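What follows is one structure encoded as structure tokens, with my remarks underneath.
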Protein chains: 2
Amino acid sequence: MTEKAPITPSLPTVRRLPTYLRLLKELQDENQQYVSSTYIADRFQLEPIQVRKDLAAMGIVGQPRLGFVVADLIAAIMQFLGWNNTTKAFLIGAGNLGSALIGYSGFAGYGLNIIAAFDVDNSKIGTRIHNIEVFPLEKLPDLAVRLHIHLGILTLPAAAAQATADMLVQTSITAIWNFTPVKLILPAGVIVEKVDLAASLAVLSCSLKEKFLLNMSGEAENG
Amino acid sequence: MTEKAPITPSLPTVRRLPTYLRLLKELQDENQQYVSSTYIADRFQLEPIQVRKDLAAMGIVGQPRLGFVVADLIAAIMQFLGWNNTTKAFLIGAGNLGSALIGYSGFAGYGLNIIAAFDVDNSKIGTRIHNIEVFPLEKLPDLAVRLHIHLGILTLPAAAAQATADMLVQTSITAIWNFTPVKLILPAGVIVEKVDLAASLAVLSCSLKEKFLLNMSGEAENG
DNA sequence: TAGATTGTTAATCGATTAACAATC
DNA sequence: TAGATTGTTAATCGATTAACAATC
């Protein structure tokens, strides 16, 4: 029992990991064996100490003077995120956004595999989108249980989001990647991760407004 | 000069505003005149005090016992986010995701108006996606300046992201909504807001892994 | 009035940053 | 060795939460 207590990385730390991973894979392609926190921080305009803390949170140890072994870092992050193993997912709502996600080839690198899509639109049911079949929504519960699906990707109209999510969590699905603008209310224990375009756009809008106001006041002063 | 100093809301606050706005519009449709921070908090599993702080940060004042006037809240948030005014944007990369964003009708409610798309793919150039024309990328600088476009939406392959962003900021574009997985490095003053799918998926993956491990240990104990 | 809700002021919490000894 | 980089410990910063008087 001399092992260190495994510190669970904070949410901000987890969110930075994919960015590190991306760079590390680049470095590996360039046959770089070592990388320092200084270098990583430089590339992303972060503080070296923050990078070290992030890596330390996953239990990775570096070598003074040399830094970290690139291959080890990649392995540790992949392991930590579970991106070595494939996670099967159902996508619900085969509209514009849903189709785009089905067609996104990058998910393979994250271990995410969308194996079927579902919709209520008869014109979509039975078709294939990027070679993924679209099933009627009624078939989801049965298929989810039989195929041991735990993750649902929600890309349907806001109006249907909550009701559909309620249905999903009655099946084997216990985690939802929510691309709708709806804040889902679900039983405790259900994981919901929201991709919040409106929140992102709000930040952007604020920044733009602020910048605009600054420019205005600047011009006023100059005039 | 007895006016209160206008406190700029924090980033987390700004990110919560669209969620409030959504609920407030619902309440308005139901002809609710007042709403309390308690009610809003309840609906989103937040603390009432946090809601009050968020609203206070925008300079909104409520009425003890009654709460806040729904219409006033909506107006204040819309005003604060600048979503009353239309922001014109160019979209660069008319692939799956780009097309999905062009087709997303919800942006109108955020004052966002995608007026043209750009691509380097000859098979896309000249076509229309949801009635938006796709132009060759070379035409962007001239058009951006002439149409006074300040916002670019980046939905192209990662490999082209940085170079294209570098080009964009040479035009009238000073803000980028970045949907690529690349962390863009751009001159100071340029606004970049990233929609980070990888980060979001990382959080989801972690939660799933944690839950899985908990279940495993639970089963072990029970066995 | 009584009581629900607001806004203010202070306390807590957690993430980031700083300082620096330890290491190879 | 000298020096770059690590990991630890402490300080700072900012957001959230708590407590409570003010208000209608």
Side-chain angles (χ1 to χ4, degrees), chain A residues 2-17 19-20 23-24 27 32-70 72-73 76-77 196 199 202-203 206, chain B residues 2-17 19-20 23-24 27 32-73 76-77 183 196 199 202-203 206:
Chain A
T2 53
E3 250 175 49
K4 268 194 197 175
I7 312 137
T8 307
S10 71
L11 225 69
T13 294
V14 172
R15 293 183 59 86
R16 281 188 292 268
L17 295 180
T19 313
Y20 298 159
L23 172 63
L24 291 165
L27 294 175
Q32 294 286 338
Q33 205 175 352
Y34 287 91
V35 66
S36 69
S37 61
T38 323
Y39 180 82
I40 297 176
D42 246 39
R43 286 287 298 262
F44 296 129
Q45 304 175 336
L46 301 171
E47 295 297 323
I49 179 63
Q50 183 168 58
V51 175
R52 286 207 297 282
K53 288 263 166 171
D54 285 344
L55 300 179
M58 283 183 299
I60 298 167
V61 284
Q63 296 172 43
R65 181 117 173 79
L66 288 172
F68 301 82
V69 177
V70 172
D72 291 358
L73 278 187
I77 295 177
D196 200 338
V203 173
C206 278
Chain B
T2 53
E3 251 175 48
K4 268 193 195 174
I7 311 137
T8 306
S10 72
L11 224 70
T13 294
V14 172
R15 293 183 60 85
R16 282 188 292 268
L17 295 180
T19 313
Y20 298 159
L23 172 63
L24 292 165
L27 294 176
Q32 295 286 338
Q33 204 175 352
Y34 287 91
V35 66
S36 69
S37 60
T38 322
Y39 180 82
I40 297 176
D42 246 39
R43 286 286 300 263
F44 297 130
Q45 304 175 335
L46 300 172
E47 296 295 325
I49 178 64
Q50 183 168 60
V51 175
R52 285 206 298 282
K53 287 263 167 171
D54 285 345
L55 300 179
M58 282 183 299
I60 299 167
V61 285
Q63 295 172 46
R65 182 116 171 79
L66 289 172
F68 300 82
V69 177
V70 172
D72 290 357
L73 278 186
I77 295 177
K183 162 89 196 206
D196 200 338
V203 173
C206 277

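Since we're looking at a predicted model, the values are computed, not measured. Each chain gets a letter, A, B and so on, in the order its sequence line appears, and its residues count up from 1.
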Using a 4.5 Å cut-off on heavy atoms from C-beta on, say whether the side chain of F68(A) contacts that of V51(A). no
Specify the separation, in whole Å, of atom CD1 of I60(A) and atom C1' of dT5(D). 16 Å
Starting at CG of L11(B), measure out to CZ of R16(B) and round the result to the nearest 0.5 Å. 10.5 Å
Check: L17(B) and Y20(B) side chains under 4.5 Å, non-hydrogen atoms: yes
Indicate yes or no: at least one non-hydrogen side-chain atom of L73(A) is less than 4.5 angstrom from one of L55(A). yes
Heavy atoms, side chains only, cut-off 4.5 Å: are V70(A) and Y34(A) in contact? no
Measure the distance from CG on L73(A) to P on dT6(D) and round it to the nearest whole Å. 10 Å
Annotated protein contacts, base or backbone, on nucleotides 12-24 of chain C with a non-hydrogen cut-off under 4.0 Å, one of B, S, - each: ---SSBB----BB
How close or far is atom P of dT6(D) from atom CG of D72(A), stated in whole angstroms? 14 Å
Got a sec: does the CD of Q32(A) have more than 12 other heavy atoms crowding it under 6.0 Å? yes
For the residue pair I77(A) and M58(A), establish whether any side-chain heavy-atom pair is separated by less than 4.5 Å. yes
In this structure, how many angstroms lie between the P atom of dT5(C) and the CZ atom of F68(B), rounded? 11 Å
5'-to-3' dot-bracket of DNA chain C (Watson-Crick, G-U; under 3.5 angstrom; crossing pairs as [ ]; | other strand): ..||||||||||||||||||||||
Kindly say if S36(A) contacts the phosphate of dA4(D), meaning a side-chain N or O under 4.0 Å from OP1 or OP2. no
If you look at every heavy atom in P9(B) and A57(B), which pair is closest and at what distance? CG-O, 3.7 Å
